[in-house]
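Numbered from 1 within each chain, the chains take letters A, B, ... in sequence-line order.
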2 protein chains.
Amino acid sequence: MAKAPTVYDVAERSGVSIATVSRVLRSPDAVREHTRQRVLAAVTELGYVPSAAARGLAARRTNVIGLFFPGHDETVPDQPVDSARGDTVPIVDDDADTSSDTENLYFDEVLRGAEIEAWRRGFALMVAAGRGASREALVTDIAGRVDGLAVLARTVPDELLAYVARRIPVVILAGAQRADSFDHVSASNGPGMRTLANYVLQDHGVHDVVYIAGPTDSPDDTERLAGFRDALTDSGVAEADVRILRSDFTRDGGRATAARVLAERRPRAILCSNDETALGVLDVLEQRGIRVPEDVLVTGFDGITAGRHSRPRLTTVHQPMVELGRAAVHAITVRLDDPTLDPQAFTLPVEVVLRESCPRV
Amino acid sequence: MAKAPTVYDVAERSGVSIATVSRVLRSPDAVREHTRQRVLAAVTELGYVPSAAARGLAARRTNVIGLFFPGHDETVPDQPVDSARGDTVPIVDDDADTSSDTENLYFDEVLRGAEIEAWRRGFALMVAAGRGASREALVTDIAGRVDGLAVLARTVPDELLAYVARRIPVVILAGAQRADSFDHVSASNGPGMRTLANYVLQDHGVHDVVYIAGPTDSPDDTERLAGFRDALTDSGVAEADVRILRSDFTRDGGRATAARVLAERRPRAILCSNDETALGVLDVLEQRGIRVPEDVLVTGFDGITAGRHSRPRLTTVHQPMVELGRAAVHAITVRLDDPTLDPQAFTLPVEVVLRESCPRV
DNA sequence: GTGCTGATTGTATGCGCATACATTCCCAGG
DNA sequence: CCTGGGAATGTATGCGCATACAATCAGCAC
């Protein structure tokens with residue numbers, strides 16, 4: 001790790017000026033073949049790697065896009081990782097059905113989409129997850145590092161977003177399509193749930209329904225619930241005739257809520273606002289010997305992998321999570337190209353996926 | 001997005017020099033309370049966000065750590081994401097058991113660990129996934145942006161790594177602990193498999209075993225296979241008395257291989273080199289009405305979430321994936337603090353987790 | 001009031017690169 | 001052989017910040 005070579009070193013070694021070195025790297029066609037070869041040879045010999053910091057400063061753009069998520073480390077201990085501890089491997093039992101999975105599948109897939117699209121368009125991707133009090137510092141920190149920022153809805157206070165947006169374009173991911181000055185990217189939560197609910201209410205003809213919503217602060221959930229209500233209207237069912245409960249989007253929460261539901265009365269269908277909740281519901285139903293779909297229909301929302309392997313396999317609305325990530329990055333690049341554009345809203349299509357837990361009629 | 005304010009703007013507005021502004025941000029204690037307040041007020045009013053590029057250039061370090069993965073986009077179409085397409089939601093059946101999950105769980109979790117540890121230590125995290133021919137450009141690109149780089153073993157040619165390592169510290173993740181000049185972080189693959197295999201061979205007393213290995217180019221797999229062979233020795237079983245097959249670490253591959261195994265003769269136990277393979281094996285066994293664990297014991301390796309929800313639940317060796325990510329970042333920061341250190345190797349402990357597919361005796 | 005000292009603040013410089021502008025080169029056309 | 005003009009290259013500058021060093025200030029002992 002000797003001092004890293006710079007353009008000056010390369011220039012000297014290849015007998016040209018630094019401008020030529022820079023040109024070889026940025027616009028090779030503007031340099032004569034012969035010269036280019038000399039420079040590239042010097043680059044390789046010296047192990048030259050351009051400094052992104054210097055480049056970013058000079059070019060006034062970093063070519064990095066940032067992605068900001070809600071924090072997810074509550075479960076991770078703070079102590080440092082320690083090194084090897086010999087070769088003894090403990091053997092433990094795991095019959096405790098510890099199922100607080102922290103299925104971050106959703107974020108993971110969005111991230112993957114963003115990663116793909118970013119590099120495809122010549123941007124690097126920087127990720128940050130906001131955690132508690134440090135969030136503000138984190139956001140401005142990352143804002144100083146990137147050309148544009150995608151933020152998961154509701155993870156950053158509007159005020160902070162507005163502050164950051166004075167400097168770089170900000171895209172809000174997966175939230176309601178609010179009429180603010182930001183670009184938005186989200187899935188058709190409302191229409192998706194509406195379609196699925198109508199399938200249950202009309203095609204299955206089942207009106208004895210329980211709807212398990214998610215946390216009130218989830219914009220996605222708000223839209224899904226609205227879609228469900230639309231379906232009630234579509235199908236001529238009074239809201240008073242169904243039950244609507246709240247859970248917390250987790251599998252454990254789904255179990256607890258299912259227990260509450262059954263304690264009162266077993267419905268003919270349970271619609272859940274996300275897959276994890278639905279999986280928890282399935283757990284409880286199976287445990288009590290209630291057959292799905294014969295006795296109760298169950299549906300979820302999201303399309304996580306686990307739902308494809310459950311028993312019975314879970315009917316759901318599939319969100320294009322990877323595409324969401326891609327679209328977010330895309331939106332940022334569009335705005336970078338033309339900052340004068342009006343705020344855009346991208347709504348990505350979803351699909352109702354019928355599986356065993358609520359089969360095709 | 002007017003021109004972003006700089007230290008000069010802040011300095012002018014608050015009536016101090018740029019040096020003082022810089023101090024307020026870097027070492028607040030070196031500035032008088034009164035002055036600090038004035039400067040901070042100006043910062044807020046102007047919406048000032050420090051440029052990481054400039055800071056990185058001046059400070060000669062970017063405070064970014066890079067993470068490089070093998071690419072995973074073969075399945076992602078190249079066309080751009082398009083926007084809203086109205087509100088019609090298609091309803092599709094999904095009884096085709098399309099199970100090419102591309103379970104990137106492993107990477108996702110490693111990434112999560114890296115993310116957590118990086119920000120915790122004051123670094124930003126940049127992610128890149130290598131794809132085919134562009135890999136070389138990608139690696140040097142990211143190398144120019146970061147203070148240190150963690151690379152998943154075998155995703156980047158040694159030559160390229162060596163090139164990059166002339167400039168920044170490089171940590172190799174999850175590979176064999178080779179005696180090279182890089183730092184290494186990995187899990188106890190060999191001992192883990194050895195312990196598990198011995199449990200089957202000795203505690204269960206089952207010698208009629210098939211081992212399904214992974215791709216030959218996986219260093220993890222190589223170690224696991226070695227661990228299995230060690231166990232054979234430990235337990236006094238001749239290698240000729242067991243079958244060793246190769247698969248490809250995927251669920252589909254597991255199914256195909258299981259079919260091959262059964263076509264010949266049903267063994268008493270099937271040990272798989274990763275969980276996905278094992279899940280595929282379970283699929284086939286169930287389909288044929290072969291009971292697990294009564295007829296056949298099945299084990300995996302990794303500890304992915306899906307294995308906790310399978311039927312029967314999968315016995316496995318749990319790798320600390322999040323910890324791997326954290327350890328990688330940790331290793332980089334250690335080396336940044338003291339570049340003269342000898343190459344380090346961190347081996348993280350694993351655990352054999354007994355579940356139904358190979359229960360406790 | 002004077003001189004001294006540590007605390008604050010200001011001045012000047014360089015980090016490594018891109019790029020506008022100036023200069024030199026090369027070759028076709030006369 | 002000379003000249004015009006585009007191609008190729010060189011020169012000079014600034015990007016925004018951190019920091020070494022210089023200058024100034026406040027407070028204290030005398």
Side-chain angles (χ1 to χ4, degrees), chain A residues 2-40 42-43 46-64 122 140-141 143-147 167-168, chain B residues 2-40 42-43 46-64 122 140-141 143-147 167-168:
Chain A
K3 186 181 165 308
T6 71
V7 270
Y8 296 97
D9 301 318
V10 175
E12 185 177 4
R13 174 138 191 158
S14 51
V16 302
S17 72
I18 64 161
T20 298
V21 174
S22 182
R23 278 192 278 263
V24 168
L25 269 31
R26 297 294 133 241
S27 35
D29 294 337
V31 177
R32 216 174 6 154
E33 171 67 14
H34 173 68
T35 315
R36 194 189 322 152
Q37 295 306 337
R38 281 220 320 270
V39 171
L40 288 177
V43 164
L46 293 173
Y48 170 71
V49 175
S51 153
R55 184 184 295 180
L57 185 57
R60 269 154 287 246
R61 68 141 55 189
T62 62
N63 279 310
V64 180
T140 57
D141 181 326
R145 299 174 177 282
V146 303
D147 291 337
R167 190 181 214 275
I168 52 173
Chain B
K3 184 179 166 307
T6 72
V7 272
Y8 295 97
D9 301 316
V10 175
E12 187 177 0
R13 174 140 192 156
S14 50
V16 300
S17 71
I18 64 160
T20 299
V21 173
S22 183
R23 282 191 201 99
V24 168
L25 271 31
R26 297 295 129 242
S27 35
D29 294 337
V31 178
R32 221 177 358 157
E33 171 67 14
H34 174 66
T35 316
R36 196 190 319 153
Q37 295 306 336
R38 281 220 320 271
V39 172
L40 288 177
V43 164
L46 293 172
Y48 170 70
V49 176
S51 152
R55 185 185 292 182
L57 184 56
R60 270 154 284 245
R61 68 141 55 189
T62 62
N63 279 309
V64 179
T140 59
D141 181 326
R145 300 175 178 280
V146 303
D147 291 337
R167 189 181 213 276
I168 53 174

Requested in this report: When you get a sec, tell me which of C:dG16, D:dG16, D:dG10 is the closest nucleotide to the side chain of A:Val16?
Outcome: D:dG10

Query raised in the report: Between A:Arg61 (CZ) and C:dT19 (C1'), how many Å, whole number?
Result: 16 Å

Query - Value in whole Å for how far the P atom of D:dC17 lies from CG of A:Asp141 - result: 13 Å

Query raised in the report: Can you tell me how far C1' of D:dA8 sits from CZ of A:Arg38, to the nearest Å?
Result: 12 Å

Requested in this report: Rounded to the nearest angstrom, tell me the gap between atom NE2 in A:His34 and atom C1' in D:dT9.
Outcome: 13 Å

Query raised in the report: Nearest-Å distance, CG (B:Leu57) to P (D:dT13)?
Result: 19 Å

**Report entry** Donor-acceptor pair, side chain of A:Ser51 and main chain of A:Ala54, under 3.5 angstrom
**Finding:** yes

Report task. Under the side chain to side chain contact (heavy atoms under 4.5 Å, CB included) rule, what do A:Thr6 and A:Asp9 come out as? Steps first, then yes or no, please. Result -> CA-CA 5 Å; A:Thr6 71; A:Asp9 301 318; 3.6 Å; yes

Query raised in the report: Is a donor on one side and an acceptor on the other found under 3.5 Å between the side chain of B:Arg38 and the backbone of B:Ser14?
Result: yes

Query raised in the report: Whole Å only: how far is the CZ atom of A:Arg36 from the C1' atom of D:dT9?
Result: 14 Å

Query raised in the report: Can you find a side chain N or O atom of B:Thr35 that sits less than 4.0 Å from OP1 or OP2 on C:dT9?
Result: yes

Requested in this report: Please state whether the phosphate of C:dG16, meaning OP1 or OP2, lies under 4.0 angstrom from any side-chain nitrogen or oxygen of A:Ser51.
Outcome: no

Query - Nearest heavy-atom neighbours spanning A:Arg167 and A:Gly144 - result: NH1-CA, 4.3 Å

Report summary line: Closest heavy-atom pair, B:Val16 versus B:Val21, reported as atoms and distance to 0.1 Å, is CG2-CG2, 3.8 Å

Report summary line: Per the under-4.0 Å heavy-atom filter, residues of residues 18-25 of chain B near DNA chain C come out as B:Ala19, B:Thr20, B:Arg23

Requested in this report: Starting from C1' on D:dA8, measure out to CD on A:Gln37 and report it in whole angstrom.
Outcome: 16 Å

Report task. Compare side-chain N and O positions of A:Thr6 against OP1 and OP2 of C:dG16 and report whether any pair is under 4.0 Å apart. Result -> no

Query raised in the report: Are side-chain heavy atoms of B:Arg145 and A:Asn63 found at a separation under 4.5 Å?
Result: yes

Report summary line: Between B:Asp29 and B:Ala59, whichever has its closest DNA chain C nucleotide further toward 5' is B:Asp29

Query - Heavy-atom donor-acceptor pair, A:Tyr8 side-chain to C:dC17 base, under 3.5 Å - result: yes

**Report entry** Value in whole Å for how far the P atom of D:dC17 lies from CZ of A:Arg60
**Finding:** 13 Å

**Report entry** Residue pair B:Leu46 / B:Pro5: nearest heavy atoms and the distance that separates them
**Finding:** O-CG, 3.4 Å

